[in-house]
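Here is how names work: the chains are called A, B, and so on, in the same order as the sequence lines, proteins then strands, and each is numbered from 1.
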Amino acid sequence: MLHTVNKSPFSSDALNECARFASTGSDILLIEDGVYAAKAGSAYEPALKDVVKKCAVYALEADLKARGVTALVPGVKTVAYAGFVELVEKSKVHTWL
Amino acid sequence: MLHTVNKSPFSSDALNECARFASTGSDILLIEDGVYAAKAGSAYEPALKDVVKKCAVYALEADLKARGVTALVPGVKTVAYAGFVELVEKSKVHTWL
Amino acid sequence: MKFAVQVLEGPYNNQASDTAYNFIKAALERGHQIVRVFFYHNGVLNVNNLAEPPRDDRNVYARWTELGRDKGIDIVACIAASKRRGIKDGHIIEGTRISGLGQLTDMAIEADRLITFG
Amino acid sequence: MKFAVQVLEGPYNNQASDTAYNFIKAALERGHQIVRVFFYHNGVLNVNNLAEPPRDDRNVYARWTELGRDKGIDIVACIAASKRRGIKDGHIIEGTRISGLGQLTDMAIEADRLITFG
Amino acid sequence: MSDEMDNGGGENRKKIAFVMRHAPHGSIYSYEGLETVLIVAAYEQDLSLIFAGDGVFALVAAQDTSAVGIKGFIKTYRVLDGYDVNKIYVDRESMEKRGLKPEDFIIPVEVKEAEEIAAIMEEQHATIPY
Amino acid sequence: MSDEMDNGGGENRKKIAFVMRHAPHGSIYSYEGLETVLIVAAYEQDLSLIFAGDGVFALVAAQDTSAVGIKGFIKTYRVLDGYDVNKIYVDRESMEKRGLKPEDFIIPVEVKEAEEIAAIMEEQHATIPY
C-alpha cells in the first residue's frame with residue numbers, strides 16, 4: 001500500500017500516525033508540506049530514519065524544490081509526478097490529512 | 001496578554017507553541033478543539049499541568065460541553081462566552097492557529 | 001471598548017465563524033462596540049449569498065446578515081481574497097461589503113482589541 | 001488503469017488542487033483513465049465561476065475547465081457540500097457539474113485506485 | 001471471478017474503509033464524513049469505519065452542542081447498525097492517549113491494535129480519509 | 001499623550017506585530033499574510049514580523065516553485081526593507097529544530113529567544129496571526 005502525507009511533521013501528527021498504521025514494507029510518499037520531514041539535519045531526522053527502516057520513503061521532487069529542501073535524510077528517494085503515478089499503479093493508496 | 005488556542009494538542013503543535021511564547025502570568029483560553037487539552041486523564045495532562053504552573057488556563061464551557069469533556073485537569077477554570085469577553089477586556093489577545 | 005474581529009475560515013467547514021458570532025453577541029451584551037468584522041483567507045466565504053444551508057442546522061449567513069444589516073456592524077470581506085475564491089459584488093449577503101486590506105489596517109489601529117478567529 | 005480522484009480543499013487556500021491537477025496530468029500522460037474528479041468539503045469551491053484569480057499566478061479554475069470541458073473528464077462537486085458553501089448551478093465553471101454523494105460511491109467502486117487530495 | 005464467489009448482497013461487494021481522523025465540530029471533516037458513510041452504506045458494499053487519532057473523539061456519547069449553536073450529530077452513529085454497518089474499529093493507542101474507554105462511546109466498537117488496523121486497510125478496495 | 005511624544009512618521013504610530021507560523025505553499029496563510037504586511041506597511045505604523053514554528057520555512061531563499069505550478073513569492077520579502085519594515089524576528093528554537101541557519105534566509109533577520117519574542121508581543125497594540 002502507498003501512504004501519502006502532505007503536512008509538516010513539526011506542526012501536525014499526520015506522518016507519525018501514518019507511520020504507525022503503515023505495514024512494514026509499504027510505501028510512504030511525502031508531498032506538499034510533508035516534504036519538510038525529509039530535510040536532513042532537522043529535529044525530525046531521527047524519527048524519519050526509523051520510518052525509513054520500516055517503509056520505502058519517497059519525497060515529491062517538485063515540492064522539495066518549491067520549499068528549498070535540498071539535502072535529504074539518507075534513504076529517502078525522490079520522485080517526479082510521473083513517479084507518483086507509478087507508485088499509485090503499484091498499489092492502493094491512502095491519504096493522511 | 002490573553003492567548004487563545006483552538007486546535008487539539010494531539011494533532012497540532014499550536015498549544016505547545018503558545019505555551020512557549022506566553023509570558024509567565026498571562027492567560028491562555030482553550031476554545032473549539034483546543035479544549036481537548038483540558039481533558040483529565042489524557043496523555044497531554046502532564047504537559048498541561050506545566051502550562052497551568054506558568055499561566056492561568058481557561059476553557060470555554062460551550063466547547064467543553066459540545067465535546068463531552070467533563071472532568072478537567074486540575075487548575076483549569078471554565079468560562080462562558082461572557083467570560084471570554086471579560087478576558088479580552090482585561091488584556092490584548094493573540095490567537096494561535 | 002472598541003473591538004475589531006478578523007475571521008480566517010469559511011462557514012461550516014470550520015467552527016471559527018460560529019465562535020466569532022458567539023463572541024460578538026457576548027461582547028455586544030457587555031456594551032462593547034464592534035468597529036468591524038474583517039474576513040480574510042477562506043473567511044471571505046462567509047458573505048456568499050448563494051448558499052442554502054440545511055434547515056435543521058444553524059444558518060451562518062443569516063447570522064452575519066443579522067449583525068451587518070440589522071445591528072449595523074461593518075462587515076467587510078477582503079477584495080483580493082474574494083477574487084481568488086469567487087466572492088463577488090452582487091452575490092454577497094445583505095449588510096456586508098467587499099473592500100481592501102486597508103480596512104483591516106484601519107481597524108487594527110483604531111480598535112482597543114483585535115481578535116482573530118481561524 | 002482507472003483512477004478516481006477526490007479533492008477536499010479549496011483552490012489557492014491549499015495546495016491540494018494544484019497537486020491533484022499535476023497528478024492527473026501525469027496519470028493521463030501515462031495512459032490512465034480518470035473516471036471522475038469528485039469535490040467534497042471545501043473542495044467544491046474549485047468549480048466556482050465567479051473567481052478572478054491574479055493574472056500573474058496560475059488559474060486553478062481554468063485548469064479544471066481544461067480537464068472537464070476540453071479533455072472530457074467528469075468533474076463533480078458534491079451537492080450537499082456545495083449548498084452549505086454557496087456553490088450553485090449557473091455559477092459553476094464549464095465542464096463541471098453538481099451532483100450527489102452517489103457519484104463518489106460509484107467511482108470508489110468502479111475505479112482501480114481512489115486517491116484523495118486534501 | 002464466478003458468480004458463485006459473490007456473497008452478502010449477492011453482488012460484487014467491494015471493501016471500502018473510511019478512516020476518520022478528525023475531531024468533531026472544530027472542522028466539518030467528521031460530520032461530512034459521516035454523511036458520506038450513510039450514502040455509501042445504501043449501496044450495500046462491505047464497509048468498515050476506522051476511528052484513529054482525534055477521530056476517536058467523534059464517538060464520545062456525552063456531546064451537547066446546544067451552547068455552541070451547532071447541530072449535533074452524535075446520535076446519527078446509532079443508525080449505522082440499521083444499515084448493516086457494524087465493522088466499527090477504534091485504534092487502542094489513540095483512544096487511551098486521549099483518556100477514553102469503550103464505555104465512553106455512543107455505539108459498540110472493536111478496539112484494535114495499529115497492526116490490526118494496518119491489515120484491515122491493506123484488504124480494502126478503497127480507503128477514504130475524513 | 002502630547003504631540004511631542006510622537007515620533008517616526010510624526011503621527012500616532014501603533015505597534016503591530018505579524019506572527020507568521022505557517023509554511024509556504026501548502027496553505028495560503030504565508031502568502032496572503034505577506035500581502036497584508038505590504039498593505040499595512042504603507043500606513044507607516046511600527047511593524048514587527050515574527051517568524052515562529054513552520055513560519056520560519058517561508059524565509060528560505062532557495063525556493064523554486066516552477067515545478068509545482070504556483071507563483072513563488074520569496075523575493076517579495078526583499079521589498080520589506082524599502083517600506084522600512086526591518087524588525088524581522090526569527091524564533092531560535094523553531095529555526096534550529098528545522099535545521100535552518102540565518103544564512104538560509106532571503107533577508108537579514110534577528111534571531112530571538114522565546115522569552116524575547118514573548119516580550120515583543122506584550123508591547124504591541126495588536127498582533128495578527130497568519
- Any Lys/Arg nitrogen of C:Asp89 or C:Arg97 sitting under 4.0 Å from an Asp/Glu carboxylate oxygen of the other? no
task: State plainly whether the residues F:Glu110 and F:Lys87 are in salt-bridge range, i.e. N to O under 4.0 Å.
output: no
Those residues of residues 99-110 of chain C that come under 4.5 Å of chain F on a heavy-atom basis, listed by number, are C:Leu101, C:Gly102, C:Leu104, C:Thr105, C:Asp106, C:Ala108, C:Ile109
Exercise. Should we count NZ of F:Lys15 as having more than 12 external heavy atoms under 6.0 Å?
Worked result: yes
Worksheet item: Would you call C:Glu29 and C:Lys25 a salt bridge, taking side-chain N to carboxylate O under 4.0 Å as the test?
Response: no
In this structure, CD1 of C:Ile93 is separated from CG of C:Leu50 (nearest 0.5 Å) by 11.5 Å
Practice task
Run the numbers on C:Phe117 and C:Asp18 for side chain to side chain contact (heavy atoms under 4.5 Å, CB included), then give the verdict.
Solution key: CA-CA 9 Å; C:Phe117 296 93; C:Asp18 301 290; over 6 Å; no
The interface call for C:Ala81 against chain F, heavy-atom contacts under 4.5 Å, is both
Residues passing the salt bridge (Lys or Arg N to Asp or Glu O under 4.0 Å) test with F:Lys14, sequence neighbours excluded, are none
Exercise. Is there a donor in the side chain of F:Glu116 and an acceptor in the side chain of F:Tyr89, or the other way round, less than 3.5 Å apart?
Worked result: no
Applying a strict 4.5 Å limit to non-hydrogen atoms, the region of C:Arg113 in contact with chain F is neither
Under 4.5 Å to a heavy atom of chain C? For F:Ser27 that would be neither
Bottom line for C:Ile115: the part with an atom under 4.5 Å from chain F's heavy atoms is neither
